[in-house]
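Below you'll find the structure, written out as structure tokens, and then a few comments.
Because the structure is predicted, anything quoted here is derived from the model rather than measured. Quick note on labels: first sequence line is chain A, next is B, and so on, each numbered from 1.
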Amino acid sequence: MNDGTFRAGTLVAPTFRLSEEQIRILHDSSLRVLNDLGITCFNEEAVSLFEEAGCITAISDGENAWNIRIPEKVVMEAIESAPSRIVLGAPDWANRLILDSREARVYFGTGSETNIFLDTEIADFVCTTDSSITMRHPIYKEKRGTILRLCESARLCDSLPNVDFFIRNVNIQDEGISVSNKDINVFFASLLYTAKHVQAGLVDISSLDNVVRLGEIIAGGTASFQDNPLISFIACLIKSPLQMVEDTTQKVIEISRRGLPLVISSSPQGGSTAPIQEEGMVSLINAEILAGITLTQLVNPGTPALYGAVPVRARLDTLHDFYGAPEFIHYNIDCVEMARFYNIPCYSTAGVGDSKVPGIQATVEKLFSQLAVAQSGAQYIHYAFGLLDRTNIFCPVQAILDDAHISLVREILRPPIVNEEVTEASIVEIRKVTASSTRLFARHIRKQMRRGLVSQPYGLEGEGDRDEALENACAKLKEIQETAEKQLSDEVIDEIYKKIAGVLPKDNFEL
Amino acid sequence: MVADELIREIKTNVVMGRVDSSDEGYDGKMEGKPGVSELVRDAIKQDISGKRLIDALSEAMVTVGEKYDSGEYLIPDMLAGAESVGTAMDILEPHLIHSDVKSKGTFVIATVEGDLHDIGKNIVATLLKGAGYNVKDLGAGISAEKIVEAVKEYNAEFVGLSALLTTTMIKMASVIELMESEGLRSKVKVLIGGAPTSPDFAKKIGADAHCRDAFEAIDILRDITP
Ligand code: B12
């Protein structure tokens, strides 16, 4: 029930990369892109909406598309009407999230729709030249994404303390799954095993009402669902550069019409579908997201839309997406600052490894972005757990490592508490210890521990002189697998099976 | 410029990856000087034979390939070279109809229905064009019917299909089935690609080859082209 609680997230004092003037320059350049170049729109209903709002539209030659030039006034009115504070509900009220653009409260969650699920096992190895030397090392096995593996991931993420929300992160490729029943089974599998907020994209727009009904049953009715929207949607309606695709745009229109929370996301690849240089990338993605947000507000003013930034850099050897790049961090921080400038909560991106397995490379690639993007004050950071191989792999053991690392990130970003009172107390402490015979401050740590200000060593630290992080993560995973439970009661499950079409038989979801 | 000099300049400009005069080139210093487009137009005016021009373009592209293989060039440099050759071919095409110059074959390429991912497909199209194939790029989200129609219209020897989604890769099978029912299958080699596809999947749906990337496609085409 509603006791007014939310997940705490991490309230940070944001650091800035762009100056006010630079933000203004990027804002103006995005407006110029929208007004002078316009966007290419493949959805006729969207075209009419833009036209009615005063945009200049013209048929794009040769294609089944329209060019829409959006003047500043239309964009600015939409920004005004887009909510600056969005509440995302959860089956367990204590897991609700409050996203307020004026507050740098950072939440971390999962993301992607990975085709590969990476299992990890620890095995013993003997050195081939000296058999007295042994070591333990992980062996990885690639498995296909299935409903059961999505269930397993949801159950794991429910247990990890630093996962604030759950975006379906495993692509279900079971025999019985088709375009028409995929969405309902994705949401059901996720909500069966996590009581956190659940978010996904829709494969098929005709599943929307069915999925909402599922949310309503779990929330305890239509009114409760409105108070506590425990599911929400991601709509990647933009194909960079500057195209609004037909079907996802229709999804945006339908979701907005119902006033449901959604992410308006764009994912340009710097160097292939967007300029690689920061100012070019940000001018473009910002224009694209603003065009999408404008559409939500034209459909239904007040629609809770998140500014969804997934700017990525391309590698120079293959033009594949590349997440460990410093530019990836630059792009993302800039977008957080643009969203803040517009007073719209930001869905941002961090924590993807390019590496295919956990290890030093993956850690380096993930950790810098997890820290830096969080430090910029992004409200909602997706992709943060378990992702390897450029979003193509979800690895549960990696998710446990990420959870431990994000726990440190949260500690690092804890804002300073410096005021007259506490500083005075510190002087008293220094005076006492200096006058004591031991000259040790150790005894006084206890007081700071009670204040919650003393961080712990790395959560997966080993006992010996070996690095045991991976082994410990595997052990932790086993523990969670043995203890975690379903999050829906039998009555709710029965009601779902009675009222909702398309959910596969129960044994498909039994872990 | 005399003919020999023009040919030399065209080659240099392909290696520099300069589609036209606005491009600064690999070394960053060439903006404003005529690029491949301008030079090829000049060559046509001077009646330099299509064969001679195409030989020059391919030789230059071989140099680009060598620079890529040796690690001096990266994909952006390679694509700049290939794009220059592609542009040159577009300019040359109307002038080649009556000449005896033959392309390496017509390659119809598309991302299948329901799938909008086209970065990989575009790279493959650009590099194949640069390698001398007559590439007809139909775009992304293209139905089996449209693809088969294009194969007929262009009398294509090769079809390339791309898919990035597990929900759309199965549409590749529909294209092959339709080609079969239209009696076209034996005349056309089908190459597939895109992250979720694999050699096993290619075998399962009856495609001729799976390609990890554009370079593998070029190798495979070289092997299967008579
Ligand atoms: C960029 C991208 C997008 C861009 C596409 C832009 C564009 N113009 O193509 C945008 C943002 C629009 C997008 C949208 C979506 N995407 Co997307 N996208 C990607 C991403 C990050 C990179 C793909 C890419 O371009 N790679 C670079 C190129 C160079 O590589 P490539 O395509 O593999 O091509 C090479 C080879 O495969 C081969 N090749 C490819 N095709 C062919 C064809 C032939 C004939 C030959 C010879 C060779 C060949 O050669 C190429 C060159 O080397 C992948 C994730 C990933 N890391 O791969 C997800 C990914 C493919 N997308 C995914 C999804 C789910 C979507 C969306 C549904 C939205 C979403 N994310 O929720 C929509 C789908 C829209 C639709 N209906 O198609 C999933 C797919 C999972 C699944 N279900 O199967 C992925 C895997 C991400 C993920 N892990 O969740 N996406």
Side-chain angles (χ1 to χ4, degrees), chain A residues 42 62-65 113-116 142 144-146 170-175 177-183 186 201-204 236-241 243-249 267-276 312-322 389-393, chain B residues 17 24 26 67-80 82-83 111-127 137-143 146 162-171 174 193-198 200-201 211-217:
Chain A
F42 290 83
E63 284 176 301
N64 196 11
E113 190 177 19
T114 58
N115 289 331
I116 299 165
E142 292 194 355
R144 249 162 84 92
T146 58
V170 176
N171 184 19
I172 56 173
Q173 301 163 69
D174 309 65
E175 282 280 327
I177 291 298
S178 64
V179 168
S180 61
N181 69 3
K182 188 173 178 184
D183 295 318
V186 162
L202 283 178
V203 178
D204 183 8
C236 182
L237 81 166
I238 299 291
K239 178 172 165 182
S240 303
Q243 298 161 83
M244 248 182 206
V245 306
E246 209 279 321
D247 68 329
T248 317
T249 302
S267 182
Q269 317 281 301
S272 64
T273 58
I276 199 165
V312 180
R313 219 205 81 178
R315 295 179 68 98
L316 301 188
D317 51 355
T318 56
L319 283 197
H320 280 151
D321 40 342
F322 176 24
D389 189 24
R390 324 178 327 260
T391 77
N392 292 319
I393 290 177
Chain B
E24 71 283 8
Y26 178 76
K67 283 178 181 283
Y68 178 79
D69 288 340
S70 76
E72 185 186 345
Y73 273 17
L74 292 168
I75 278 276
D77 311 311
M78 181 86 179
L79 283 172
E83 225 178 301
T111 302
V112 297
E113 189 170 7
D115 201 321
L116 297 171
H117 294 87
D118 61 5
I119 300 174
K121 185 262 300 165
N122 293 346
I123 294 174
V124 174
T126 308
L127 290 182
D137 184 352
L138 309 182
I142 308 297
S143 68
K146 282 220 172 107
S162 183
L164 268 281
L165 298 170
T166 53
T167 44
T168 58
M169 60 196 259
I170 199 63
K171 292 277 160 62
S174 320
T197 64
S198 63
D200 280 349
F201 180 72
C211 308
R212 205 179 39 247
D213 55 28
F215 301 108
E216 199 178 5

Review point. Where does A:Ser178 contact chain B at under 4.5 Å (heavy atoms): side chain, backbone, both or neither?
Key: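 No part of it gets close to chain B.
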**Study point:** Which portion of A:Glu113 sits near chain B, non-hydrogen atoms under 4.5 angstrom
**Key:**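 Neither part, no heavy atoms under 4.5 Å.
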Review point. Based on non-hydrogen pairs under 4.5 Å, which of B:Ile170, B:Asp118, B:Asp77, B:Asn122 is most in contact with chain A?
Key: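 The option with the most such pairs is B:Asp118.
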With the side chain counted from C-beta on, respond yes when [X] and [Y] share a heavy-atom pair under 4.5 Å apart, and no when they do not.
{"X": "B:Leu116", "Y": "A:Gln243", "value": "no"}
{"X": "A:Asn115", "Y": "B:Thr166", "value": "yes"}
{"X": "B:Leu79", "Y": "A:Leu319", "value": "yes"}

Point to revise | Set of residues satisfying side-chain hydrogen bond (donor to acceptor under 3.5 Å, both in side chains) with respect to A:Thr391, sequence neighbours excluded | key: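 By the side-chain hydrogen bond (donor to acceptor under 3.5 Å, both in side chains) rule, A:Thr391 matches no residue at all.
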When rounded to the nearest 0.5 angstrom, what distance separates [atom1] in [X] from [atom2] in [Y]?
{"X": "B:Tyr68", "Y": "A:Asp317", "atom1": "OH", "atom2": "CG", "result": "6.5 Å"}
{"X": "A:Thr273", "Y": "B:His117", "atom1": "OG1", "atom2": "NE2", "result": "10.5 Å"}
{"X": "B:Leu165", "Y": "A:Asn171", "atom1": "CG", "atom2": "CG", "result": "8.5 Å"}
{"X": "A:His320", "Y": "B:Asp213", "atom1": "NE2", "atom2": "CG", "result": "8.0 Å"}

Review point. Is chain A contacted by the side chain of B:Phe215, its backbone, both, or neither, given a heavy-atom distance below 4.5 Å?
Key: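 Neither part.
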Check your understanding: For B:Ile119, is it the side chain, the backbone, both or neither that has a heavy atom under 4.5 Å from a heavy atom of chain A?
Key ->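 The answer is the side chain of B:Ile119.
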